[in-house]
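First the structure, in the form of structure tokens, and then the observations on it.
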Amino acid sequence: MTTELRALRDAEWHVWSDKLDMAFGGLPQPPEKLALRRDLTEIERSFGVWDGDEVVATASAASFGLTVPGGAEVPVAGVTMVSVQPTHRRRGLLRAMMRHQLADVRERGEPLAVLTASEPAIYGRFGYGPAAQDMRLSVDTVRLTAPELPGVDGVRLRLVDPVAALADCERVYAQRVPTRPGMLARRPGWERIGVLDVPGERAGAGAQQCVLAEVDGELRGYARYAVKPQWDVAGPSGEVRVRHVEALDPVVYAALWRYLFGIDLTSSVSVATRPVDDALLHLVADQRRLGIGLRESLFVRPVEVGAALAARRYRTPVDVVLEVADPFCPWNEGRWRLTGDATGASCARTTDPAELALSVREVGSAYLGGFTLSALAAAGRVRELRPGALGAASVAFGSDVAPWLPHAF
């Protein structure tokens with residue numbers, strides 16, 4: 001039968017969602033997780049492919065604001081819930097959905113699309129470039145002294161119910177968003193992901209806990225975590241599994257980590273995601289005991305190259321002509337003159353000679369300052385056409401703080 005790509009109807013959501021789960025292994029979702037997915041799905045941004053009456057592919061997008069270098073918030077489409085049934089692979093369905101979605105994003109006036117990828121190799125051919133990394137930690141708290149800073153004893157720590165404290169924690173998170181590229185300003189409801197605690201998915205840990213950090217009665221930070229009790233012949237060896245830590249100043253940040261390092265009956269702390277330039281690296285005496293692992297996290301796709309590059313700020317003055325290749329979204333193809341500095345930028349079509357040549361994927365990788373144009377050039381992905389253009393542009397695209405995506409979507 002002929003397949004049809006069309007918008008999702010509200011009454012079809014459960015069937016559409018079930019097919020998404022089937023493509024990711026077929027495990028049934030816990031009711032509370034499924035209910036949250038339903039609440040967060042933007043039906044008007046969701047679509048799929050039908051083969052007769054059967055859903056054979058799915059895709060959606062969530063509306064966010066993305067912090068970019070310079071602190072501005074840019075509207076982005078958070079690409080999510082993408083799947084193709086194994087019976088319908090290699091028929092061009094994913095390509096058709098990606099093309100349909102990017103055209104829709106452009107019509108909505110969003111200059112960027114972003115995603116997290118279960119299989120990163122898939123999305124490069126659609127122009128998505130890795131733009132930020134996660135740092136994972138496995139900390140030996142027996143051999144590593146807890147962080148200390150002058151003033152930490154003045155921080156009041158208070159255990160609270162994570163759900164009851166959700167609104168207060170979200171206000172702290174919102175203050176953190178403009179300070180780091182890659183962080184998402186999220187619509188109401190998305191904060192609930194942070195306290196979703198399904199008993200069947202705890203993998204031996206207890207219920208999620210939340211500690212608030214206050215100074216002079218003002219909330220200045222929080223941490224969410226769970227403890228996995230363990231015992232060996234030498235005694236207790238539990239693990240503290242940290243989910244989120246946010247603080248508005250260095251002293252509060254150190255106080256929260258000192259607390260997490262010192263929880264009774266534990267000997268290690270694991271952390272799923274922190275920025276690669278996290279302050280914890282410099283709050284401990286021996287970074288080797290942090291058990292650091294890195295992987296790419298956020299992928300960025302410029303949908304309107306000119307608008308995207310004009311939306312961010314630049315570390316040093318830049319005036320460069322970029323020759324951009326983008327066969328998947330041909331409206332981006334051609335030469336663009338980017339002029340900007342720390343106060344603002346413009347990016348417009350030009351007929352001037354190109355100074356750097358790259359694809360839209362490399363524009364996405366360099367966009368948040370997490371990967372340098374020079375590093376991409378060393379991998380053969382950026383070509384310098386005018387001597388000196390690469391070094392100057394690479395520095396300008398940098399960021400004082402590393403980009404980081406603190407949660408999935």
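Heavy-atom basis, side chains included; hydrogens, waters and symmetry copies ignored. For the single chain, residues carry numbers from 1 onward in sequence order.
Within the model, atoms OG of Ser399 and CZ of Arg180 stand 8.0 Å from one another, a figure rounded to the nearest 0.5 Å. The CZ atom of Arg143 sits 4.5 Å away from the CZ atom of Arg289 when rounded to the nearest 0.5 Å. In this structure, CD on Glu355 lies 10.5 Å from CG on Leu338, to the nearest 0.5 angstrom.
Of the possible donor and acceptor atoms, one in the side chain of Glu12 sits under 3.5 Å from a partner among the backbone N and O of Arg9. Within the 3.5 Å criterion, the main-chain N or O of Ala375 finds a donor-acceptor partner in the side chain of Thr372. Under the 3.5 Å distance criterion, the side-chain polar atoms of Gln85 are matched with a main-chain donor or acceptor of Lys19. Listed for the Arg312 side chain is a donor-acceptor partner under 3.5 Å among the backbone atoms of Tyr367. Formation of a donor-acceptor pair under 3.5 Å by the Thr266 side chain with backbone atoms of Glu239 is not found in this model. Proximity of a side-chain donor or acceptor of Asp140 to a complementary backbone N or O of Leu290 within less than 3.5 Å is not detected. Proximity of a side-chain donor or acceptor of Thr3 to a complementary backbone N or O of Asp51 within less than 3.5 Å is not detected. Under the 3.5 Å distance criterion, the side-chain polar atoms of Asp277 are matched with a main-chain donor or acceptor of Ala402.
Classification of Arg158 and Glu214 as a salt-bridged pair holds, one side-chain N sitting under 4.0 Å from a carboxylate O. Of the charged side-chain nitrogens involved, at least one lies within less than 4.0 Å of a carboxylate oxygen, so that Asp197 and Arg202 count as a salt-bridged pair. By the 4.0 Å N-to-carboxylate-O rule, Glu170 lies close enough to Arg186 to be salt-bridged with it. Comment: Glu384 does not engage Arg386 in a salt bridge, judged by the lack of any side-chain N to carboxylate O separation of less than 4.0 angstrom. Remark: Asp134 does not engage Arg274 in a salt bridge, criterion side-chain N to carboxylate O under 4.0 Å.
A donor-acceptor pair shorter than 3.5 Å can be found between the side chains of Asp278 and Tyr253. A donor-acceptor contact closer than 3.5 angstrom is absent between the side chains of Ser365 and Glu362.
Heavy atoms from other residues, nucleotides or ligands lying under 6.0 Å from CG of Asp232 number more than 12. Within a 6.0 Å sphere centred on CZ of Arg108, other residues, nucleotides and ligands contribute more than 12 heavy atoms. Counting heavy atoms of neighbouring residues, nucleotides and ligands inside a 6.0 Å radius, atom CZ of Arg288 does not exceed 12 of them.
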For residues 23-47, tabulate all N or O donor-acceptor pairs below 3.5 Å that involve a side-chain atom, not counting sequence neighbours.
unit_1 : atom_1 : unit_2 : atom_2 : d
Gln29  : NE2    : Asp21  : OD1    : 3.4
Lys33  : NZ     : Glu201 : OE1    : 3.3
Lys33  : NZ     : Glu201 : OE2    : 3.3
Arg37  : NH1    : Ser17  : OG     : 2.6
Arg37  : NH1    : Asp21  : OD1    : 3.2
Arg37  : NH1    : Asp21  : OD2    : 3.4
Arg37  : NH2    : Asp21  : OD1    : 2.8
Arg38  : NH2    : Asp10  : OD1    : 2.4
Asp39  : OD2    : Arg192 : NH1    : 3.4
Asp39  : OD2    : Arg192 : NH2    : 3.2
Thr41  : OG1    : Trp13  : NE1    : 3.2
Thr41  : OG1    : Arg37  : O      : 2.7
Glu42  : OE1    : Ser63  : OG     : 2.8
Glu42  : OE1    : Arg187 : NH1    : 3.4
Glu42  : OE2    : Ser63  : N      : 2.7
Glu42  : OE2    : Ser63  : OG     : 3.4
Arg45  : NH1    : Ser63  : OG     : 3.0
Arg45  : NH1    : Glu110 : OE1    : 3.4
Arg45  : NH1    : Glu110 : OE2    : 2.9
Arg45  : NH2    : Glu110 : OE1    : 2.7
Ser46  : OG     : Glu42  : O      : 2.9
Ser46  : OG     : Ser60  : OG     : 2.7

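The side-chain heavy atoms of Pro111 and Val74, taken from C-beta on, include a pair separated by under 4.5 Å. When side chains are defined from C-beta on, His244 counts as touching Tyr222, because their heavy atoms get closer than 4.5 Å. Between Ile263 and Tyr225 the shortest side-chain heavy-atom distance falls below 4.5 Å.
Between Ala213 and Leu219, the closest heavy-atom pair is O-CD1, 3.5 Å.
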With side-chain contact (heavy atoms from CB on, under 4.5 Å) as the criterion, how do Asp326 and Ser359 come out once you've worked through the C-alpha distance, each side chain's angles and the decisive distance to 0.1 Å?
CA-CA 6 Å; Asp326 189 359; Ser359 82; over 6 Å; no
Begin with the C-alpha distance, continue with both residues' side-chain angles, and end with the deciding distance and a verdict on salt bridge (Lys or Arg N to Asp or Glu O under 4.0 Å) for Arg313 and Asp341.
CA-CA 6 Å; Arg313 303 296 177 259; Asp341 55 25; over 6 Å; no
Please lay out, stage by stage, how Ser83 and Thr58 fare under the test side-chain hydrogen bond (donor to acceptor under 3.5 Å, both in side chains).
CA-CA 5 Å; Ser83 73; Thr58 66; 2.7 Å; yes
Do Trp50 and Val56 pass the side-chain contact (heavy atoms from CB on, under 4.5 Å) test, and can you show the C-alpha distance, the side-chain angles, and the key distance before you say yes or no?
CA-CA 6 Å; Trp50 276 255; Val56 296; over 6 Å; no
Show the numbers, then the answer: is there a side-chain contact (heavy atoms from CB on, under 4.5 Å) between Leu358 and Arg381?
CA-CA 6 Å; Leu358 69 173; Arg381 305 191 70 91; over 6 Å; no
Could you go through Met97 and His100, starting from their C-alpha distance and side-chain angles, then the distance that decides it, and tell me whether this counts as side-chain contact (heavy atoms from CB on, under 4.5 Å)?
CA-CA 5 Å; Met97 289 197 302; His100 173 84; 5.6 Å; no
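Taking the six-membered ring wherever Trp is involved, the centroid distance between the rings of Phe126 and Phe328 falls below 6.0 Å.
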